[in-house]
Amino acid sequence: MTTTETQSASFRSPEEVTVGTVVFDRDADMVAVVREVKGLVVGLERPTGLIWGVAYARLRPGTQREERQLQALAKLQRARKRGMP
């Protein structure tokens, strides 16, 4: 594993969280993409369309592996929308 893969630090402030970043939500135990940052709450979204908000302190940057997992989920979701199982 690389240093990026073992990263587990939380964000120290909401200003560190940027829209479009892949993050891991410790409360939901899921990887997601940042949609918006409103004060201390960060809006997240998964390729399935699931949207939720969480306190920025409960997030950590996503690893490269988690980013690949999210990309694979997005690919699967696109295939399902086209009618494939």
Which heavy atom of Pro61 sits nearest a heavy atom of Ala9, and at what distance?
-> CD-O, 3.2 Å

Between Arg60 and Phe11, what is the shortest heavy-atom contact and its length?
-> C-CE1, 3.7 Å

side-chain contact (heavy atoms from CB on, under 4.5 Å) partners for Ser13, two or more places apart = Glu15, Glu16

By side-chain contact (heavy atoms from CB on, under 4.5 Å) - contacts of Val33 (at least two apart) = Val22, Leu70

Less than 3.5 Å apart, which donor and acceptor atoms pair up between the side chains of residues 35-57 and the rest of the protein, not counting sequence neighbours?
{"unit_1": "Arg35", "atom_1": "NH1", "unit_2": "Glu45", "atom_2": "OE1", "d": "3.1"}
{"unit_1": "Arg46", "atom_1": "NH1", "unit_2": "Val31", "atom_2": "O", "d": "2.8"}
{"unit_1": "Trp52", "atom_1": "NE1", "unit_2": "Asp25", "atom_2": "OD2", "d": "2.6"}

List for me each residue that meets salt bridge (charged side-chain N to carboxylate O under 4.0 Å, His left out) alongside Asp29, sequence neighbours excluded, and say none if there are none.
-> none

Applying side chain to side chain donor-acceptor pair (under 3.5 Å), which residue pairs with at least one partner in residues 69-79 are found, sequence neighbours left out?
-> none

Are the side chain of Thr18 and the backbone N or O of Thr21 linked by a donor-acceptor pair below 3.5 Å?
-> no

